Amino acid sequence: MPNISGIMRKNTILLAFISTIIALACNNTKPTTNEGKELAENYCGNCHKVPTPDVLDKNSWSQYMLPRMGVFLGIVEHDSLLKVLFEEGPGGEKAKQSGYYPSKPMLTTEEWEKIKTYFIENAPEQLAIPKTQNISKNLSLFEVKIPQHKMSPPSATFVQFNTQDQSIYLGDANTQSLSVFSNDLKLIQAAKVKEGAVWVEEFTEEAFVTVMGSFSPTDVSSGFILSLPKVANRPVFKLIDSLQRPVHSAYADLDADGLPDVVTCEFAKWTGKLSWWKNLGNGKFENRILRNKPGAEKAYIKDLNKDGKEDIIALFGQGDEGIFIYYNEGNGKFREETAIQFSPSNGSSFFKLYDFNKDGFDDIIYTAGDNADFKPILKPYHGIYVYLNDGNNNFKQEIFYQLNGAYAAIPADYDLDGDIDIAAISFFPDYKNHPEESFVYLENDGRNNFKASTIADPTIGRWIVMDAADYDKDGDEDLILGSLAFEVIPTNNDLVNKWVNNGIPFIVLENKTKHR
């Protein structure tokens, strides 16, 4: 008969040993994860808001995001990544010399492994599938109008209503042109302006045209602002030259000297910035940097704190994503405050100042949806956000409407019923299952509940830019959507062929509210 007490004693010793091993293993794992989180906050938090692991799936973290993060901490896991991240030539050299790419690792290999473990172990296998939105195709509020002029492939970099003479501006990357269309959508004229006209600002005697210089992200200083005269015997000239892929500009007298100054958003790739340019007179401007980081997308100039001086509010993507306010303190000095900060995975794509709740203070309408950095995945946090202003420029999220790949959202009372509706486009919709996300009209029921609808064929173009105005001067807001099938394209070859073969550069959605 076996010795029961001996067996029990041995089993007890064995169980105690196993428990000790398990405890050691658990205690070893937890500190590694916690240390990884702390290290991420210490190292990643110096450049941008630290993302949580659940913003991406495990595969996206391990195959794309973490290797890229490593490069900017001086750790290169794959030499091929350097070619992906840094362009050849002067642009890439400028980026490397700027310090974005450290020549030596900023942390040890062990520390880097702990950061990777933290993100990968805490990331989901897949992101939560966004809730399917019910988007009907019975939108009768707008009549679709298509220009006869075709451009193949359509490559719109901006569309803009000119309400002064009811014309339409179109920038196109492929033809490197700025075109002007009449209010009946006929081509009036086109001019070569290099790759990517993105904004036109109208003045009495001239128009200022902002040109990227390169559609693709670059750190090369090939962008500029062009002055196009409206009066005879005035030459075309560059108002400001050698900009790094500028994507927007704004104009106002910022220092109260009677001369219009300029704010430029140089998105660039890794070395862009937000600047204001002091007008020195005689066509000369002096650069003054507000934020020396890439990703500046759009800026508004407005007296936000009601002190009689023009302030600046700007959206940044590309890493340190957020909306930043630059309060004018006089004498050419500005004080930066962060209005809203976003995760670097958001893909900030657009924002607009608009008094959404009609309380006399500007609110923020914002879209997250850029999905071009690596293989696109559907993200439940992509969509349209409305942040309400408390009257002191503190902004609180009031509305979120999930829209995959949202690229712009323009609020207005489109149906003239007294509440604010929203028109939105997506450059990265769920083309496989819900192509109707490409363009969405959100009708407000008066309580910020929205009924979504779209046009009969929302995929007749791949919408990347939009504008809204009463271009036909009948008392209601119309829309224009610009299409781009150049460089960044989905894998659906049928859609790509459709866009290229049809060559539709833009469509106008003419509001019929006043004609009902």
Side-chain angles (χ1 to χ4, degrees), residues 131-145 159-161 163 298 300 349-369 382-389 395-427 429 434 436-458 461 463-482 506-516:
K131 181 181 177 181
T132 301
Q133 305 283 2
N134 181 23
I135 304 173
S136 67
K137 289 189 177 182
N138 61 353
L139 179 56
S140 59
L141 187 69
F142 298 96
E143 179 183 341
V144 179
K145 294 198 167 184
V159 286
Q160 187 175 323
F161 286 127
T163 55
K298 192 174 182 69
Y300 292 94
S349 50
F350 176 90
F351 93 117
K352 185 174 179 65
L353 288 182
Y354 190 89
D355 185 4
F356 195 88
N357 59 357
K358 302 180 182 180
D359 65 351
F361 300 100
D362 282 316
D363 307 305
I364 289 174
I365 288 78
Y366 159 82
T367 61
H382 273 181
I384 304 162
Y385 296 76
V386 177
Y387 294 89
L388 297 185
N389 190 336
F395 297 89
K396 182 180 179 181
Q397 182 184 321
E398 178 72 14
I399 295 168
F400 172 67
Y401 180 88
Q402 201 281 327
L403 182 65
N404 293 309
Y407 243 57
I410 300 181
D413 184 6
Y414 291 100
D415 54 8
L416 302 180
D417 66 352
D419 53 38
I420 304 303
D421 314 299
I422 300 174
I425 57 173
S426 168
F427 194 59
H434 301 288
E436 63 274 12
E437 294 175 337
S438 181
F439 165 75
V440 180
Y441 170 66
L442 302 177
E443 181 183 354
N444 197 334
D445 69 353
R447 297 180 296 275
N448 292 335
N449 300 309
F450 296 92
K451 177 184 176 182
S453 54
T454 189
I455 57 179
D457 184 4
W463 314 122
I464 188 170
V465 286
M466 69 185 302
D467 190 24
D470 182 12
Y471 98 106
D472 54 5
K473 299 185 183 299
D474 68 350
D476 49 32
E477 293 282 296
D478 309 294
L479 293 164
I480 182 170
L481 316 182
F506 65 89
I507 60 172
V508 168
L509 302 182
E510 188 175 296
N511 195 329
K512 292 299 180 181
T513 299
K514 281 288 188 177
H515 300 282
R516 289 183 170 186

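Since the structure is predicted, the reported quantities are computational estimates derived from the model, not experimental observations.
No donor-acceptor distance shorter than 3.5 angstrom exists from the side chain of D362 to the backbone of L353, with no hydrogens or angles considered. Formation of a donor-acceptor pair under 3.5 Å by the D363 side chain with backbone atoms of F356 is found in this model. Between the side chain of D467 and the main chain of Q160, no donor-acceptor pair closer than 3.5 Å is present. Looking only at distances, a side-chain donor or acceptor of T454 sits under 3.5 Å from a matching main-chain atom of F439.
Minimum heavy-atom separation, I420 to K358: CD1-CE, 3.9 Å. Nearest heavy atoms, D472 versus E510: OD2-CG, 3.5 Å. Between G369 and S349, the closest heavy-atom pair is N-OG, 3.8 Å. Residues A469 and T163 approach most closely at CB-CG2, 3.8 Å, considering heavy atoms. Heavy-atom minimum distance, P458 versus S438: O-OG, 3.3 Å. Taking every heavy atom of both residues into account, A452 and L442 meet most closely at CB-CD2, 3.6 Å.
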Show the atom names and distances, to 0.1 Å, of all donor-acceptor pairs under 3.5 Å that link a side chain in residues 403-416 to residues at least two apart or in another chain.
from : atom 1 : to   : atom 2 : distance (Å)
N404 : OD1    : Q402 : NE2    : 3.0
N404 : ND2    : E437 : OE1    : 3.3
N404 : ND2    : E437 : OE2    : 3.0
Y407 : OH     : D370 : OD1    : 3.0
D413 : OD1    : L416 : N      : 2.9
D413 : OD1    : D417 : N      : 3.1
D413 : OD2    : D417 : N      : 3.4
D413 : OD2    : G418 : N      : 2.9
Y414 : OH     : I410 : O      : 2.9

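Here the CD1 atom belonging to I365 is positioned 8.5 Å from the CD1 atom belonging to I399, to the nearest 0.5 angstrom. Atom-to-atom distance recorded for I507:CD1 and D457:CG is 9.0 Å, nearest 0.5 angstrom. Residue F361 holds its CZ atom at 12.5 Å from CG of L388, rounded to the nearest 0.5 Å. Note that CD of Q397 and CD1 of I364 are 12.0 Å apart. Values are rounded to the nearest 0.5 Å.
V144 places a side-chain heavy atom less than 4.5 Å from the side chain of L509. Proximity of N448 to V386: side-chain heavy atoms (C-beta onward) are nowhere separated by under 4.5 Å. Two residues are said to be in side-chain contact when any heavy atoms from C-beta on lie closer than 4.5 Å; I464 and I425 fail this criterion.
Taking a cutoff of 4.0 Å between a charged side-chain nitrogen and a carboxylate oxygen, E398 and K396 do not qualify as a salt bridge.
At most 12 heavy atoms of other shown residues, nucleotides or ligands fall within 6.0 angstrom of atom NZ in K514. Residue K451 qualifies as open at atom NZ: its count of foreign heavy atoms under 6.0 Å is 12 or below.
Ring geometry for Y385 against Y366 counts as tilted: the plane angle lies between 30° and 60°, on a 0 to 90° scale.
For Y401 and F450, the ring centers sit 6.0 Å or farther from each other.
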